[in-house]
Amino acid sequence: MQNENQAFDIIVLAGQSNAEGCGIGPVTEEYVPTDKIFTLTGKVSDQILSDTERIITYPDKTLTLDIGQERGEEGAKIGELGFTFADAYVKNGLLAEGRKVLILRTALGGTGFKKEQWGPGCPVEERMHEIIEYALALNSENRIVAFLWHQGECDVVTDNTEENYEKQLTDFVRNVREKYDCQDVPFIAGDFCNEWESKNLEACKPIVAVIRKVFAGEKAAFVETADLPSNNQKTGNGDDIHFCRESLHILGKRYFEKFMTLTNG
């Protein structure tokens with residue numbers, strides 16, 4: 001795998017669809033791929049049986065390491081918040097000489113704790129750990145510098161309780177920090193897409209409250225999103241749960257602003 005011996009600053013991007021990136025539409029400023037920012041991407045196979053049942057497997061454990069670029073065909077790119085975060089990381093001089101950024105794409109749309117996709121021994125979380133461990137093993141100088149999380153919508157629609165979700169998310173963050181000895185690494189999360197959240201406000205409130213609480217501790221932060229349009233608001237396609245591409249670009253920059261605050265710049 002080309003560049004696998006390169007020393008990387010690793011950004012873990014985890015959660016569900018808004019972390020995976022589903023944003024469409026025009027942007028004010030295009031993300032321009034650079035040989036300083038790479039992605040590590042795997043394959044997933046899933047079978048949806050019902051609204052609550054879904055079989056997720058990873059039969060092909062191959063990972064692709066390549067220069068990071070937005071997915072989608074030319075002219076129909078799909079936004080990802082990780083790229084504008086990484087771009088700001090590089091442009092603000094945080095990348096030491098001889099190092100590059102590696103974004104680990106570990107998010108998967110429509111996944112949550114209630115459906116046992118995230119959590120100890122659950123398929124998406126286990127695959128996340130496999131990808132992190134693979135990336136760290138590529139070079140002894142590789143290090144995790146940021147953990148970016150966006151998830152919770154699935155636990156809203158599956159009626160996960162506030163108590164259960166708080167324990168699940170708290171345990172998740174603690175386990176990742178302990179497993180990779182990254183107590184000083186910023187963990188950052190964000191609010192839901194406002195158009196969808198406002199239509200499901202009472203159901204969203206307890207889950208969002210938990211995310212705010214868990215990501216209010218030391219070396220953690222929560223990003224506001226109330227002003228960021230959905231795909232529907234940007235393009236009229238009816239998709240109100242996903243941030244549009246422009247919103248994801250902005251969201252990545254807001255995550256980075258929190259990162260700078262947590263690391264004192």
Side-chain angles (χ1 to χ4, degrees), residues 1-15 19-21 30-45 56-72 74 77-108 123-150 172-173 175-188 219 248-249 252-253 255-256 259-260 262-263 265:
M1 189 182 294
Q2 190 177 11
N3 291 290
E4 64 180 1
N5 295 320
Q6 170 69 49
F8 287 112
D9 286 6
I10 295 171
I11 297 167
V12 182
L13 183 57
E20 188 177 19
E30 290 285 342
Y31 168 74
V32 180
T34 166
D35 64 1
K36 293 184 180 297
I37 299 173
F38 285 72
T39 53
L40 191 61
T41 307
K43 299 177 181 179
V44 62
S45 176
I56 299 172
T57 58
Y58 298 88
D60 182 352
K61 294 299 183 77
T62 302
L63 292 169
T64 302
L65 190 155
D66 205 351
I67 289 177
Q69 55 186 323
E70 292 176 309
R71 289 170 277 205
E74 187 67 29
K77 295 177 181 176
I78 307 298
E80 294 181 41
L81 69 90
F83 287 132
T84 47
F85 182 98
D87 191 53
Y89 185 91
V90 172
K91 289 179 178 177
N92 278 270
L94 301 183
L95 193 61
E97 185 70 27
R99 300 182 65 85
K100 296 186 179 183
V101 174
L102 179 59
I103 302 169
L104 307 188
R105 286 167 158 165
T106 73
L108 182 61
V124 186
E125 183 164 327
E126 288 303 298
R127 185 55 173 158
M128 178 197 73
H129 287 304
E130 290 174 358
I131 295 172
I132 293 174
E133 289 163 9
Y134 180 92
L136 290 172
L138 288 175
N139 189 311
S140 61
E141 297 300 315
N142 287 357
R143 57 182 184 144
I144 299 172
V145 298
F147 191 99
L148 312 183
W149 175 259
H150 199 286
F172 171 79
V173 172
N175 291 342
V176 172
R177 285 197 183 279
E178 291 177 353
K179 186 176 181 67
Y180 302 108
D181 191 22
C182 55
Q183 301 299 332
D184 293 329
V185 171
F187 276 54
I188 306 167
K219 291 296 181 180
L248 287 173
H249 281 208
K253 294 176 182 178
Y255 271 57
F256 181 75
F259 174 89
M260 291 292 277
L262 293 172
T263 58

Run the side-chain contact (heavy atoms from CB on, under 4.5 Å) check on Leu94 and Met260 step by step: do they pass?
CA-CA 10 Å; Leu94 301 183; Met260 291 292 277; 3.9 Å; yes

At their closest point, which heavy atom of Thr263 faces which heavy atom of Pro186, and how far apart are they?
CG2-CG, 3.6 Å

Nearest non-hydrogen partners of Met128 and Val176, listed with the distance
CE-CG2, 3.9 Å

Is atom NZ of Lys36 surrounded by more than 12 heavy atoms (other residues, nucleotides or ligands) closer than 6.0 Å?
no

By side chain to side chain contact (heavy atoms under 4.5 Å, CB included), Gln69 pairs with (sequence neighbours left out) Pro33

Nearest 0.5 angstrom please: Phe8 CZ to Ile103 CD1, how far?
11.0 Å

From CG (Leu65) to CD (Gln6), nearest 0.5 Å:
9.5 Å

To the nearest 0.5 Å, tell me how far Phe83 CZ sits from Ile37 CD1.
8.0 Å

For Ile56 and Val124, work out which heavy atoms get closest and say how close.
CD1-CG2, 3.8 Å

State, with a plain yes or no, whether a side-chain heavy atom of Gln183 is found less than 4.5 Å away from one of Glu178.
yes

Report the residue from Phe147, Tyr255, Trp149 that forms a ring-ring contact (aromatic ring centres under 6.0 Å, His included) with Phe187.
Phe147

Taking NZ, NE, NH1 and NH2 as the nitrogens, is one of them in Lys179 or Glu133 under 4.0 Å from a carboxylate oxygen of the other?
yes

I'd like to know if the side chain of Thr106 reaches the main chain of Leu13, judged simply by a donor and an acceptor atom lying under 3.5 Å from each other, with no hydrogens or angles considered.
yes

Please check if the side chain of Arg99 supplies one atom and the backbone of Glu141 the other of a donor-acceptor pair under 3.5 Å.
yes

Please round to the nearest 0.5 Å and tell me the distance separating atom NZ of Lys100 and atom CD1 of Ile67.
7.0 Å

Exercise: identify the closest heavy-atom pair between Val101 and Ala86:
CG1-CB, 3.9 Å

Ile144 and Leu136 have their tightest heavy-atom pair at CG1-CD2, 4.2 Å

Beyond-backbone contact of Leu108 with Arg127, side-chain heavy atoms, under 4.5 angstrom:
no

With rounding to the nearest 0.5 angstrom, report the CG to CG distance, Asp184 to Asp181.
8.5 Å

Could you tell me if Tyr89 and Asp9 have a donor-acceptor pair between their side chains, going purely by distance under 3.5 Å?
yes

Mind telling me whether Phe85 and Phe259 have parallel, tilted or perpendicular rings, with 30° and 60° as the class edges?
perpendicular

Given side chains that start at C-beta, do those of Thr34 and Val90 come closer than 4.5 Å, heavy atoms only?
no

Side chain to side chain contact (heavy atoms under 4.5 Å, CB included) with Ala135: which residues, sequence neighbours excluded?
Ile10, Leu40, Leu102, Leu104

Applying salt bridge (Lys or Arg N to Asp or Glu O under 4.0 Å) to Glu70 and not counting sequence neighbours gives Arg245

Locate the shortest heavy-atom distance separating Gly68 from Thr39; write the atom from each residue and the value.
CA-CG2, 3.7 Å

Would you mind reporting whether Thr84 and Phe256 have side-chain heavy atoms less than 4.5 Å apart?
no

Taking atom CG of Asn142 and atom OH of Tyr134, what is their separation to the nearest 0.5 Å?
11.0 Å

